[in-house]
2 protein chains.
Amino acid sequence: MNDRRRILVCDDEPQILRALKVILRDAGFETVPATTAEEALDLAAVRPPDAAILDLVLPDGDGVEVCHEIRRWSRMPIIVLSAMGDEDAKVRALEAGADDYVTKPFGARELVARLQAALRRVQGADEEPTITADGLEIDLAARQVRRDGTDVHLTPIEFRLLETLARNRGRLMTHRVLLTEVWGPEYVDDITILRGHIANLRRKIEPVEGPRYVRTDPGVGYRFTA
Amino acid sequence: MNDRRRILVCDDEPQILRALKVILRDAGFETVPATTAEEALDLAAVRPPDAAILDLVLPDGDGVEVCHEIRRWSRMPIIVLSAMGDEDAKVRALEAGADDYVTKPFGARELVARLQAALRRVQGADEEPTITADGLEIDLAARQVRRDGTDVHLTPIEFRLLETLARNRGRLMTHRVLLTEVWGPEYVDDITILRGHIANLRRKIEPVEGPRYVRTDPGVGYRFTA
DNA sequence: CCGCATCTTGACGCGTCCTTGATGCCGAGC
DNA sequence: GCTCGGCATCAAGGACGCGTCAAGATGCGG
């Protein structure tokens, strides 16, 4: 019996595919290789892997599309590989539902670390009634937040902001995604308002010594870390 | 002999159908696949399954219609799959008799958990005779309320309001939920009337120094706290 | 037909929350 | 070392929701 995690890896360059295979095997993962977008989607549907690593540029399509397709039916962790400087495609992949990105050339340790972090996230993501991250309790059904046992009062917008971040804990949420999710599509570009409420939220739930739960990814967005 | 539960699954996209099949098989269910609304209704009629999972968008109709049709003759658990952001269709499906909804993309474990919860719910529903919260007694069967031992007279609407709040004690009940629950779906937006009766209810059961049982959540709704 | 209890509706004052722009800080690139 | 862009913070205004009250509508029983 083999209980190793299966990782779908899609990249059109054979040497990168081989390198990824070695890196993942050493980290205790099983690799399911694919070289085209179509092959990746087929493999994912026939027997869903535990996570996927997708190159953004593929012969028969875009890694963003693959990401989008998979997200129609699965929440499996997806990490995209982007060439350096390809900021735009990176952000589009994140908005299509990717969990994180790694820019090529990547270090083996960084990739594995991000993969494991993403896998850890999915463990308790089963739409639990209450999310707990050391010292912070978020009761989604009751719409109640406690820090170190004492209740914290959040305004409606602050709660929805924290809720969407916590529901996607570990995942990098772009500014645009957060804005459309909390305020609606017409606020897509209003980053100022997002910043303001992030500040208020932090003042209420973060310890004084610095941000612990809500991390900033400069130029891209925010993420909730446990 | 096969005693596995049979689940009718209706989705027009082959990839999603395949993924659902795998997920359900791993959870110990047998899948009855269908790709159109008509096919789903036929299969359900020929040999009723134990539950149904329906996509909201189908080639020859709406998942809401299928839901409505099935409900004409069966109380089997129905779970609908809705695309993210399609709040309206989701609500209509629930009003047509669906038990629960899962938004795509869904986690495998979440879907299975909700399916099992729905199956369990069909077994038996429980009733609570009387709810007590320090100094306040609510006898649901006798429709009687006492505060500190003395009877309090509530009008019919006031009682139903308190009843729904108390049955979901601790949980925040939105304006919309309270209005549909107490007054009916056509009062969904009439917040004024809700405010008025909340005020009257408070005058009768709350101590003079301020609200203790019925707390207000600005912009969202009310909740009953013990 | 009348009176009472209840429900509904609108207006008003008040408090909270949202929004916006200005300001200062920090890191990256030159 | 300097400039520039992105980020956090703060304060002020304006908008919105809430609770309250009173008057009118409705329904029921006497």
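Reminder, nothing fancy here: chain letters follow the sequence lines and each chain counts from 1. For the numbers below, each heavy atom of this structure counts, side chains included, while hydrogens, waters and symmetry mates do not.
- When the side-chain nitrogen and oxygen atoms of R203(A) are compared with OP1 and OP2 of dT9(D), none of them lie within a distance under 4.0 Å.
- Phosphate contact (OP1/OP2 of dT6(C), side-chain N/O of H153(B), threshold under 4.0 Å): present.
- Using a cutoff of 4.0 Å between basic side-chain nitrogens and carboxylate oxygens, D189(B) and R176(B) are scored as salt-bridged.
- Comparing the C1' positions of dG13(D) and dG24(C) gives an interatomic distance of 22 Å, to the nearest angstrom.
- Taking atom CD1 of residue I157(B) and atom C1' of nucleotide dT26(D), one finds them 12 Å apart after rounding to whole Å.
- In this structure a side-chain-to-backbone donor-acceptor pair under 3.5 Å is present from K204(A) to H153(A).
- Atom-to-atom, OH of Y187(B) to P of dT9(C) comes out at 6 Å; the value is rounded to the nearest Å.
- Rounded to whole Å, the distance from NE2 on H175(B) to C1' on dC18(D) is 9 Å.
- Neither OP1 nor OP2 of dT20(D) sits under 4.0 Å from any side-chain N or O of R195(B).
- You'll find that the side chain of Y222(A) is closest to dA8(D), out of dA8(D), dT6(C), dC17(C).
- Under a 3.5 Å cut-off, the side chain of R71(B) and the backbone N or O of G97(B) do form a donor-acceptor pair.
- If you take CD1 of I198(A) and P of dC10(D), they are 16 Å apart, rounded to a whole angstrom.
- For I191(B), the side-chain atoms get nearest to dC18(D) when compared with the rest of dC18(D), dG6(D), dT20(C).
- If you measure from atom CG of D189(A) to atom P of dG6(D), you get 13 Å, rounded to the nearest angstrom.
- In this model, the phosphate group of dT8(C) is not approached by any side-chain N or O of T192(B) to a distance below 4.0 Å at OP1 or OP2.
- Rounded to an integer number of Å, the gap from NZ of K204(A) to C1' of dT16(C) is 10 Å.
- Residue W183(A) has no polar side-chain atom (N or O) positioned under 4.0 Å from OP1 or OP2 of dC18(C).
- Among the nucleotides dT8(C), dT9(C), dC7(D), the one closest to the side chain of T216(A) is dC7(D).
- A donor-acceptor contact shorter than 3.5 Å links the side chain of E206(B) to the backbone of V214(B).
- A donor atom on one side chain and an acceptor atom on the other are found under 3.5 Å apart for T216(A) and R202(A).
- Protein atom CZ of R215(B) is 16 Å distant from nucleotide atom C1' of dC18(D), rounded to whole Å.
- The phosphate of dC17(C) has neither OP1 nor OP2 within less than 4.0 Å of any side-chain N or O from H197(A).
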